[in-house]
Amino acid sequence: MSSLFDPIKIGDIQLANRVVMAPLTRNRAIDGLMPGPMTVEYYRQRATAGLIITEASQIIPMAQGYLNTPGIHTPEQVAAWRKVTNAVHAEGGRMVIQLWHVGRISHVSLLPGGAAPVSSTNRRPNAQTYTKDGFVDVSIPRALRDDELPDLIADYRHAARCAMDAGFDGVEVHAANAYLLDQFLRDSVNDRSGPYGGSIANRARLLIEVMQAVSDEIGAGRTAVRLSPMTTFNDTPLDSNPQALYEYIVEQLASLGLAYLHIIEGETCGARYPADVTAFDYATLHHIFPGAWMVNNGYERAEGMAAIATQKADLVAFGRAFISNPDLVRRLRENAPFNMLQTDKFYGGGAEGYIDYAELGSDQ
Ligand code: PHB
């Protein structure tokens, strides 16, 4: 029987344990939208995770949706991330970067030349985003033309290449939480006609083409994906038939040989099994997918251990617990108490609530 603390190989990446640091937006990128010295220290402190997934990082300037999130597309950003991966590798850790395009969850003040956000649609959600003026309603998006999609796919490919140049062990393509790729997947958003709208196969086409391009560029064994079939995050309704949609997607992804699939169960930052919606059968997706299966959403120690022991999952991602406990793996192993989480320090700011959480046995 496997344990949370056993090593595992996922694709081409060998991990020391199955405890994963989930991607966490912290809005502390420095000038040039890249990680600075504090961010190097933040990830270094958490390097005993079996795998670190970075905060979501935009693949191009048009992919940004919040203030001070990092990118992975310029030489300066590659050099800055290289300092992060060097620090994590020096501690024996492994790290992938999450490739992000927010699509319509953005605001003109964050985008080059004040451009409108782009999406599968020109309909605006009621969502808000965070800008230099605080929380604001997202701007009205512009629907991408089909002839713009090859360049978008090339942008994902380029960002994946930048990730390799920066020394990452792989990439996780963010196709969850109603950001751009999810805006193509769901019929609650995607109102297109043509090859990228309408049928499930058409709505899934962009994601599959992105996954193929990234896999071609850096190897499928270093490529992963994140999905969230049942979240209404970002004021985005569910697909009319999530079971059929996501089973089709996972069937298509199954043949690529990806390192892992990261699934957010239930409502992002909310209930894992909401009582008021039709149950979703995650196990069927898991059985279709041949790579490693990563579960996420508020797992406690006992649940995480049980998920591995019962083979419900190969990996368990922890978000908030990793913010306040840099040595989370040790605390889980020893069943030690967690530090108090400073929720008001999640987004933006400095060292406080970022790199000043104490390790077990230290007197900070
Ligand atoms: C956020 O910045 O709030 C955020 C980013 C990526 C997610 C979810 C939330 O997947």
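Starting from 1, each residue takes its place in the sequence as its number. We count ligands from 1, going down the list as the structure has it; atoms in each ligand are counted the same way.
- In this model, a donor atom of one side chain and an acceptor atom of the other lie less than 3.5 Å apart for T69 and Q58.
- Between L99 and the choices T54, I72, D155, the side chain to side chain contact (heavy atoms under 4.5 Å, CB included) rule is met once, by I72.
- Side-chain atoms of T231 and E267 form a donor-acceptor pair, as typed in the model, at a separation below 3.5 Å.
- Protein residues with any heavy atom under 4.0 Å from ligand 1: T25, Y66, W100, H174, N177, Y179, R226, F233.
- Y357 does not carry R46 over the face of its six-membered ring by the limits of under 6.0 Å from the centre and within 45° of the normal.
- Going from atom CD1 of I13 over to atom CG of D169 covers 5.5 Å, rounded to the nearest 0.5 Å.
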Might you work through the side-chain contact (heavy atoms from CB on, under 4.5 Å) test for D239 and N241, ending with a clear yes or no?
-> CA-CA 5 Å; D239 187 75; N241 189 349; 4.2 Å; yes
